Trainee: 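First the structure, then my questions, so here it is.
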Amino acid sequence: MTNNEKMAELLLPSIDKKPEYYEALYPERNLKEGAKVTRVAPSPTGYLHIGTLFTSLVNRIAATSSDGIFFTRIEDTDKKREVEGGIENIIDGLGRFNIAIDEGFISGKEEKGNYGPYQQSKRAEIYQTYVKELIRQGYAYPCFCTAEELEKVRELQEKDNIRTGYHGKWAVHRDITFEEAKANIDKGMPFVIRLKSPGNEENKVVFEDMIKGKIEMPENDEDFVLLKSDGIPTYHFAHAIDDHLMHTTHVMRGDEWISSVPKHIQLFRILGFKVPKFAHVSPIMKLENGAKRKISKRKDPEAAVHFFIEEGYDALSVVEYLMTIAASDFEDFRRANPDKPYTEFKFNLKKMSVSGALFDQNKLIDVSKNVVSKMSGETVSQKIIAWAKEYDGGFYDLLIKDLDFTKAVFSIDRDCAKPRKDISKWKDAKDYVSYFFEPLFNPDYNLPENLNSSDAVAFLKAYKEIYDETDTKEEWFNKIKGLCDALGFAAETKVYKANPELYKGHAGDLSTVLRIAVTGRRNTPDLCSIMQVMGKDKCMERIDKAISAFA
Ligand code: GLU
């Protein structure tokens, strides 16, 4: 046995497999040429973050556009930061946004696929097998430095303006012998396993980031930790092993990892793995006092995706909005293909923002109005009921009293060639339709300036006599027109505009009076439809109420 082999046995005695075992267990994927294998690798440390949803979407769409695979992997090596239910929060959260997952964790509880386990805490033996091989080859060694010793080194380095870290002469255990290591272990000293970096700071590594372009950085010369003292890998090492064995072709992740790429490329090379393509996704930014900053978990409610769900944005609205951030040519696609699903969009990473796109709530609202306008009345009412059930019990009770009525309410001006783009989120729906529900009815009986209350009362009284709920829209409006003459109003707007001094107003003004009477507001969807949905009795009751208010 060589000294390196003896060291490997000393440090990881229970590992009896060789890397070849795993190489055979996880063979190449059988995919067509050019298919991208992508993944999202969240740590289960809280709620689904908007950035994670965004990165997942980008990974998903890159896989879909190339007939590839998108998988999830749970990076739970930092048990201190893990929260109860963290996996569910994130994976089920992705499900809520209909981000289809081909492999890995497909729900909070289930994983599927031939390249698992897809949870790093269950892969300790795999990582240790590869580390053991690196020790045998002389590429890794044990380090017995305590946290205090490392801290002292750091202070010294900072004082002398030297790059901090375990490199060069500061890498004190780099040449540790088998005998020294054995003596320390016999004393019960804990140790980590570090890479024996062959890199030199003077050399450059160059790589092509698929979003950011060509990047050049100094080679890594730091003997960074591969395995922590509990045998659990660091992110860097786990990333190299997992993305190799799971055959990820494109590592698309947050750009906070860019500075670590030299470490990663070095690891892939030493391990004899093919280096994947990298695409570093810029974070979503927010404008604060004129300056751009990353959306922050601490400061911004919209950092947690849950915020959008509570507000009642439809999942598709959020996704469509994120697509406009993800790809500068998505809006052109949307205009050219108003009815195609976003998943048919051909995604080009080069079209992604290099510096980080701004989150724009108004844009989200616009996108969402468009998305909701394409839904049927049936769908909208179901979605609003589901939302209210969770977030507004009082509204929910009103909505489920008469499901046909609720559906009819949300079908007005929908399911037609030019649907109204009015609702952006379910939370606003309550105010939007409040006049249909007696307990929410809160009328504003103020008439426009050109109308006086006695004309309004005279009109409403006359109108009551002729209303017929079976009238078509045209007949309905003709009846209003028919009352104009007697009240001193012009039946046609054109006629009124030609000689405004001759009239008190026109038929449109009288329909405003009727709108105010029936709904308590000046702006609503089609009034004839509203009255039909409300039913004649309710309309007459409302008109009577308005007459007393005007009188
Ligand atoms: N667990 C890492 C993170 O949450 C994943 C980075 C990656 O995608 O490789 O930042």
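Only heavy atoms go into these numbers, but all of them, side chains included; no hydrogens, no water, no symmetry mates. Sequence positions, counted from 1, serve as the residue numbers for this chain. Everything quoted here is computed from the prediction, not taken from an experiment. Read the numbers this way: they start at 1 and go in the same order the structure lists the ligands and their atoms.
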Trainee: Measure the distance from atom 10 (O) of ligand 1 to every protein heavy atom, then report the residue, atom name and distance (to 0.1 Å) of the closest one.
Mentor: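 Atom 10 (O) of ligand 1 sits closest to the protein heavy atom W257 NE1, 3.1 Å.
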Trainee: Evaluate the side-chain proximity of R96 to D92: yes if any heavy-atom separation is below 4.5 Å, no if none is.
Mentor: no
Trainee: Number the atoms of ligand 1 from 1 as they appear, then name those within less than 4.0 Å of a heavy atom of R253, with their elements.
Mentor: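 Reading through ligand 1 atom by atom, the close ones are 7 (C), 8 (O), 9 (O).
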Trainee: Only heavy atoms of E75, strictly under 4.0 Å: list the atoms of ligand 1 that pass.
Mentor: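 Listed by number with element: 1 (N), 2 (C), 5 (C).
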Trainee: Decide yes or no on ring-ring contact (aromatic ring centres under 6.0 Å, His included) for Y139 and Y130, but give the supporting numbers first.
Mentor: CA-CA 11 Å; Y139 274 123; Y130 281 84; over 10 Å; no
Trainee: Find all atoms of ligand 1 within a distance of less than 4.0 Å from any non-hydrogen atom belonging to S43, and give their numbers and elements.
Mentor: 1 (N), 4 (O)
Trainee: Where's the contact between R39 and ligand 1, heavy-atom distance under 4.0 Å: side chain, backbone, both or neither?
Mentor: side chain
Trainee: Starting from atom 7 (C) of ligand 1, find the nearest protein heavy-atom neighbour and note its residue, name and distance.
Mentor: Y235 OH, 3.2 Å
Trainee: Could you tell me how the ring of H264 sits relative to the ring of W257: parallel (under 30°), tilted (30 to 60°) or perpendicular (over 60°)?
Mentor: tilted
Trainee: For E320 and Y342, which heavy atoms make the closest approach, and how far apart are they?
Mentor: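 For E320 and Y342, the tightest heavy-atom pair comes out as OE2-CB, 3.5 Å.
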Trainee: In terms of side-chain geometry, is the basic nitrogen of K204 or E216 positioned less than 4.0 Å from the acidic oxygen of its partner?
Mentor: no
Trainee: With a 4.0 Å cut-off, would you call R154 and E158 a salt bridge?
Mentor: yes
Trainee: If you have a sec, work out which protein heavy atom is nearest atom 5 (C) of ligand 1 and how many Å separate them, to one decimal?
Mentor: A41 O, 3.1 Å
